[in-house]
Number of protein chains: 2
Amino acid sequence: MKDVIENKLKLRSVKPTAMRLLVLQCLMEQNRALSLNELEALFENADKSTIFRTLKTFQENYLVHRINDGSGAIKYALCDDDCICSLEDNHIHFLCTKCEKTYCLKDTPITTPNLPNGFRANFANYLIEGICSTCT
Amino acid sequence: MKDVIENKLKLRSVKPTAMRLLVLQCLMEQNRALSLNELEALFENADKSTIFRTLKTFQENYLVHRINDGSGAIKYALCDDDCICSLEDNHIHFLCTKCEKTYCLKDTPITTPNLPNGFRANFANYLIEGICSTCT
DNA sequence: CTAAACTTTGCAATGGCATTGCACTCCTTA
DNA sequence: TAAGGAGTGCAATGCCATTGCAAAGTTTAG
Ligand SMILES: [Mn+2]
Ligand SMILES: [Mn+2]
Ligand SMILES: [Zn+2]
Ligand SMILES: [Zn+2]
């Protein structure tokens with residue numbers, strides 16, 4: 001288990017510090033997107049800015065992607081191993097308005113529409129709000 | 001011109017105060033989504049909280065919809081006259097990363113994907129980032 | 001092995017934006 | 001004409017993201 005986590009870091013050339021291992025493990029265990037505050041709450045004695053910088057490092061090295069779900073706080077979720085956060089890697093995110101949890105719907109790829117003339121797309125953030133399967 | 005604006009308000013049963021007429025006119029003239037700060041800057045001597053409450057009233061009466069474009073500030077844009085801000089009224093928004101302007105792509109309706117079992121959609125926010133036609 | 005150089009962490013600000021309390025003004029109505 | 005209600009301005013407040021700085025930990029050259 002710890003090996004899997006360390007490998008994920010090594011794969012992206014990120015040095016495995018204690019904090020990084022913990023945060024990465026957390027993100028792997030929860031299969032959903034977490035906010036900075038949610039992550040902080042899961043640890044008790046870790047500083048928020050350290051977690052913030054951990055996530056920033058992760059993000060810069062394609063270990064996580066950030067999700068703007070309109071909840072006021074940015075959510076972070078694990079990237080796939082081959083993710084480079086390109087337009088092709090973007091996928092739909094779902095925010096349940098009941099349990100307030102945000103999920104990556106990686107099996108539901110984003111279909112980029114035909115844009116008006118002269119518009120070019122680099123990144124897509126497709127967020128669907130509704131009721132999730134456990135809250136139905 | 002002023003008639004058109006007043007009619008828009010009457011259509012939604014919103015009393016036409018001076019501020020409301022001004023804000024609505026502003027939103028009609030710019031054909032794009034504006035943030036609270038952008039609107040405030042366009043007026044000089046209007047209070048931000050008044051504009052905020054004006055937009056809130058507009059939003060509650062389907063005169064404007066709010067757009068989360070990840071820029072840090074919520075953007076507001078005019079609704080169509082028959083809009084009730086339902087899932088069917090949701091449309092794609094485009095943020096140009098060069099000029100920082102956000103546009104409603106009302107001609108580019110959102111295709112709601114098939115969600116996993118048990119997930120139900122109520123609202124969609126589909127944001128595309130890229131370069132707009134005037135910045136190309 | 002040891003000291004300098006670099007990285008990571010913790011703590012305490014800072015800054016931006018949304019939102020609200022309160023008093024004042026303005027408008028409507030009995 | 002006075003009372004009630006709606007709209008406005010100003011000044012807070014709160015939340016979240018982000019950063020400066022110094023301490024602690026790690027790596028590397030000598
Ligand atoms: Mn995701
Ligand atoms: Mn729009
Ligand atoms: Zn749920
Ligand atoms: Zn542009």
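Numbers restart at 1 for each chain; the letters A, B, ... are given by sequence-line order, proteins then strands.
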Which donor-acceptor pairs under 3.5 Å do the side chains of residues 30-41 of chain A make with protein atoms, sequence neighbours left out?
{"from": "Ser35(A)", "atom 1": "OG", "to": "Glu38(A)", "atom 2": "N", "distance (Å)": "3.1"}
{"from": "Ser35(A)", "atom 1": "OG", "to": "Glu38(A)", "atom 2": "OE1", "distance (Å)": "3.4"}
{"from": "Asn37(A)", "atom 1": "OD1", "to": "Lys48(A)", "atom 2": "NZ", "distance (Å)": "2.5"}
{"from": "Glu38(A)", "atom 1": "OE1", "to": "Ser35(A)", "atom 2": "N", "distance (Å)": "2.7"}

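- If you take CD of Glu40(A) and P of dT9(C), they are 15 Å apart, rounded to a whole angstrom.
- For Lys98(A), the side-chain contact (heavy atoms from CB on, under 4.5 Å) test picks out Cys96(A), Ile131(A), Cys135(A), with sequence neighbours left out.
- Between Thr17(A) and dT9(C) there is a side-chain polar atom (N or O) within less than 4.0 angstrom of OP1 or OP2.
- DNA chain C is contacted by Met19(A), Arg20(A) of residues 18-28 of chain A, taking any non-hydrogen atom closer than 4.0 Å.
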Stepwise side chain to side chain contact (heavy atoms under 4.5 Å, CB included) test for Leu21(A) and Leu9(A): CA-CA 8 Å; Leu21(A) 290 170; Leu9(A) 288 173; 3.7 Å; yes

Please report, to 0.1 Å, the donor-acceptor pairs under 3.5 Å made by any side chain of residues 119-128 of chain B, with sequence neighbours excluded.
{"from": "Asn125(B)", "atom 1": "ND2", "to": "Asn68(B)", "atom 2": "O", "distance (Å)": "3.2"}
{"from": "Tyr126(B)", "atom 1": "OH", "to": "Thr111(A)", "atom 2": "O", "distance (Å)": "3.2"}

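- The distance between atom CD of Glu38(A) and atom P of dA17(D), rounded to the nearest whole Å, is 11 Å.
- Atom CZ in Phe58(A) sits roughly 11 Å away from atom P in dT8(C) (whole-Å rounding).
- Taking 4.5 Å as the limit, some side-chain heavy atom of Ile51(A) sits within range of a side-chain heavy atom of Leu55(A).
- Partners of Thr102(A) by side-chain hydrogen bond (donor to acceptor under 3.5 Å, both in side chains), not counting sequence neighbours, listed by chain and number: Asp69(A), Lys75(A).
- One interatomic measurement links the two molecules: CD of Glu60(A) to P of dT18(D), which rounds to 11 Å at whole-angstrom precision.
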Summary of protein contacts for nucleotides 11-30 of chain C, nucleotide by nucleotide, where a base hit scores B, a sugar-phosphate-only hit scores S (4.0 Å, heavy atoms): B-----SSSBB---------

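- Within the 4.5 Å cutoff, side-chain heavy atoms of Leu78(B) are placed close to those of Leu24(B).
- The backbone N or O of Asp81(A) lies less than 3.5 Å from a partner atom in the side chain of Arg12(A), making a donor-acceptor pair.
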